[in-house]
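Right, one structure below, let's go through it.
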Protein chains: 2
Amino acid sequence: MAGIAEVARLAGVSKSTASRALTGSGYTSDETRERVRSAAATLGYVASNSAVTLATGRTNTVGVVMPYLNRWFFAEVLEGIQQSLLERGLDLTLYDAKPGTVGRSLIFQDYLARKRFDGLIAVGLEPDDREFDRLVQLGRPVVTVVGSADTTTDVAIDDDFAARRATEHLVALGHRRIAFIGGTPQQHWAHVDRRRLDGYRGAMADAGLAEHASHIISEVTVPGGYASAVDVLGDARSRPTALVATCDEVAIGAIIAARRLGVQVPSDLSVIGIDDHEFAEMFSLTTLRQVPREQGRVAVDLLLTHIAEPDKAKAVVRMRSTLVVRNSTSALDPQHSAVVVDSRQRQADASR
Amino acid sequence: MAGIAEVARLAGVSKSTASRALTGSGYTSDETRERVRSAAATLGYVASNSAVTLATGRTNTVGVVMPYLNRWFFAEVLEGIQQSLLERGLDLTLYDAKPGTVGRSLIFQDYLARKRFDGLIAVGLEPDDREFDRLVQLGRPVVTVVGSADTTTDVAIDDDFAARRATEHLVALGHRRIAFIGGTPQQHWAHVDRRRLDGYRGAMADAGLAEHASHIISEVTVPGGYASAVDVLGDARSRPTALVATCDEVAIGAIIAARRLGVQVPSDLSVIGIDDHEFAEMFSLTTLRQVPREQGRVAVDLLLTHIAEPDKAKAVVRMRSTLVVRNSTSALDPQHSAVVVDSRQRQADASR
């Protein structure tokens with residue numbers, strides 16, 4: 001079998017360049033990498049990664065830790081990461097760290113300590129303090145997607161902005177009884193939902209509607225949004241005229257609940273989400289669009305930079321989210337408006 | 001830092017046993033593995049995997065290749081595999097081989113050839129002939145989930161049985177105009193959809209309803225089922241009274257389409273799926289339940305057996321699917337029955 005020397009000779013580069021190109025460290029030009037790879041293919045040369053790792057200390061593998069594999073956002077980020085790594089010849093080792101599972105403890109105790117990766121991308125991980133310490137102690141570059149921006153390089157949308165923008169859209173349509181749906185104030189309540197709730201509250205306060213702000217607690221899934229919305233939408237007099245959902249999955253659950261209860265969307269109820277989920281079009285859902293796949297790609301770029309330049313300063317990347325108006329939101333029917341004024345009047349009367 | 005000898009001494013086992021236990025090859029008893037691991041934890045010993053691999057030829061990694069990450073079935077299988085590997089101390093390297101992408105060619109050309117795994121689990125991969133040859137040439141054990149049962153150890157439900165059982169349920173409820181929805185006869189039309197279509201056709205023929213059999217072509221996603229059902233359900237006179245969907249995602253898309261068109265489920269239209277998707281309960285969907293997570297776990301068990309005993313005969317494992325009756329199916333309204341007789345009569349008249 002041909003060795004690295006033959007490959008280097010055929011490609012017309014040095015042995016170390018050939019080695020770098022083949023191990024996918026990625027610090028060679030695309031053209032050189034292509035030439036070396038085609039030489040290797042011609043000669044049937046395949047690098048022994050174990051030998052390469054022992055020699056270089058590089059594993060040519062990126063670790064990805066995420067708490068869910070079966071939710072849209074996470075699956076899309078993972079696809080973006082995978083595609084980007086594939087193009088660079090790097091492997092992906094996956095760690096599924098569902099909160100509160102034995103598997104999660106094992107990952108933090110055993111798996112990460114083995115350091116079978118050159119760097120780590122943590123997606124929506126929300127580590128507790130002990131877990132966070134372990135991540136830092138790894139001594140390997142870590143990039144987070146939807147993480148804490150304080151200590152790591154982090155990629156996400158601006159949650160506060162997205163929720164504000166969603167709320168402002170409903171305010172501009174004349175709505176006042178606008179509720180926020182999604183998130184639970186329990187142990188694993190995602191920081192992201194809390195940030196979005198804050199953005200919603202800020203926008204309500206700015207519009208002079210602070211007294212109408214309310215939070216409908218809901219698990220952050222389609223069935224979760226459905227279950228919580230069924231509870232709230234039953235009473236026509238007390239229900240909100242509009243919902244800001246913490247994400248499209250919850251928004252879609254709420255729309256399905258509304259249909260079941262005979263509440264018309266958007267004439268009886270406007271609903272806006274955040275995501276632009278693959279089902280958004282089907283439900284004519286107005287939403288703040290984000291592209292998680294792109295966030296995955298950006299995370300890979302940033303991680304590789306940190307691997308190449310360990311002293312590089314941490315970065316906070318906030319991707320744009322843009323309003324996509326479909327048919328789940330519309331101007332408030334004056335009827336509803338009257339009801340709101342009534343109830344405020346009653347409240348005012350009652351508090352006298 | 002402590003070495004393997006110290007770990008073995010503390011655990012009271014031989015060095016080779018300690019090594020096997022720590023590298024997660026899995027051929028030690030649970031009790032021994034636990035003792036060695038706790039000794040290693042006490043001493044702060046972490047095995048260098050690169051060194052272990054060079055010495056033993058084992059990577060302690062299982063490769064997983066799948067064409068989709070963001071579909072329910074695939075995400076659930078992946079979670080089952082991941083959990084099972086975690087418990088055994090093995091790593092998971094993920095290859096996302098979406099049909100028709102550059103990434104897929106790269107995986108088959110470069111990635112698999114590097115053999116950074118002791119064995120491979122291919123989930124719903126449907127390799128073409130060239131790809132299949134490459135898998136076989138790897139010389140590493142391969143287990144498929146929903147693959148071809150001819151050449152590899154394969155885990156799946158019995159697709160023919162599931163589709164038959166679904167069709168028979170509708171026949172027993174008095175339905176005759178029962179259509180099958182899902183799958184496209186194009187390049188990447190999944191074998192699984194074809195097998196289910198065959199099962200449906202068999203059951204229709206057995207019930208003397210072959211002339212009523214029809215296949216509504218649909219992409220195998222919720223939006224795909226929605227788009228195809230909207231086209232078909234518009235005309236009350238020609239539409240079927242019942243649908244067998246190739247999977248729950250398509251069934252749910254069809255139910256959403258029916259609701260939009262004012263077609264009542266189940267009084268105007270019965271719908272049955274295959275899966276028991278996480279949304280099935282929310283849509284009161286009658287379905288044939290399978291548990292993909294369990295299929296992932298079984299695939300890991302089988303793969304580890306093949307790694308330990310390379311000469312072991314291939315196995316075909318068919319998991320049970322069970323009928324779960326919810327509210328999306330009901331007995332045919334006699335009104336509809338009359339229409340069917342009418343149209344058959346007209347057909348008979350026309351062909352005279």
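Below, read A as the first sequence line, B as the second, and so on, with proteins coming before strands; counting in each chain starts at 1.
- Side-chain contact, B/D96 with A/Q83: no donor N or O sits under 3.5 Å from an acceptor N or O.
- Among A/V102, A/L94, A/V230, the residue making the largest number of heavy-atom pairs under 4.5 Å with chain B is A/L94.
- Summarising the geometry of A/I256 relative to B/F283, their closest heavy-atom pair is CD1-CZ, 3.3 Å, with the distance given to 0.1 Å.
- A/D91 and B/R114 get closest at one heavy-atom pair: OD2-NH1, 3.8 Å.
- Heavy atoms of A/L69 lying under 4.5 Å from chain B belong to its backbone as well as its side chain.
- Atom-to-atom distance recorded for B/R71:CZ and A/E278:CD is 9.5 Å, nearest 0.5 angstrom.
- Within 6.0 Å of CZ on A/R326 lie more than 12 heavy atoms contributed by other residues, nucleotides or ligands.
- Note that OH of B/Y111 and CG of A/L92 are 9.0 Å apart. Values are rounded to the nearest 0.5 Å.
- Within a 6.0 Å radius of CZ in B/R260, other residues, nucleotides and ligands contribute 12 heavy atoms or fewer.
- Residues of residues 221-228 of chain B that come within less than 4.5 angstrom of chain A, heavy atom to heavy atom, are B/V222, B/P223, B/Y226 in numerical order.
- B/N70 has its side chain out of reach of A/F74: every pair of non-hydrogen atoms, C-beta onward, lies at least 4.5 Å apart.
- Within the model, atoms CD1 of A/I107 and CG of B/L86 stand 4.5 Å from one another, a figure rounded to the nearest 0.5 Å.
- Of all non-hydrogen atoms in B/R116 and A/N60, the two that sit nearest each other are NH1-O, 3.7 Å.
- Heavy atoms closer than 4.5 Å to chain A are found in the side chain of B/Q82, but not in its backbone.
- With chain A as partner, the option from B/E281, B/K98, B/R259 having the largest number of non-hydrogen pairs under 4.5 angstrom is B/K98.
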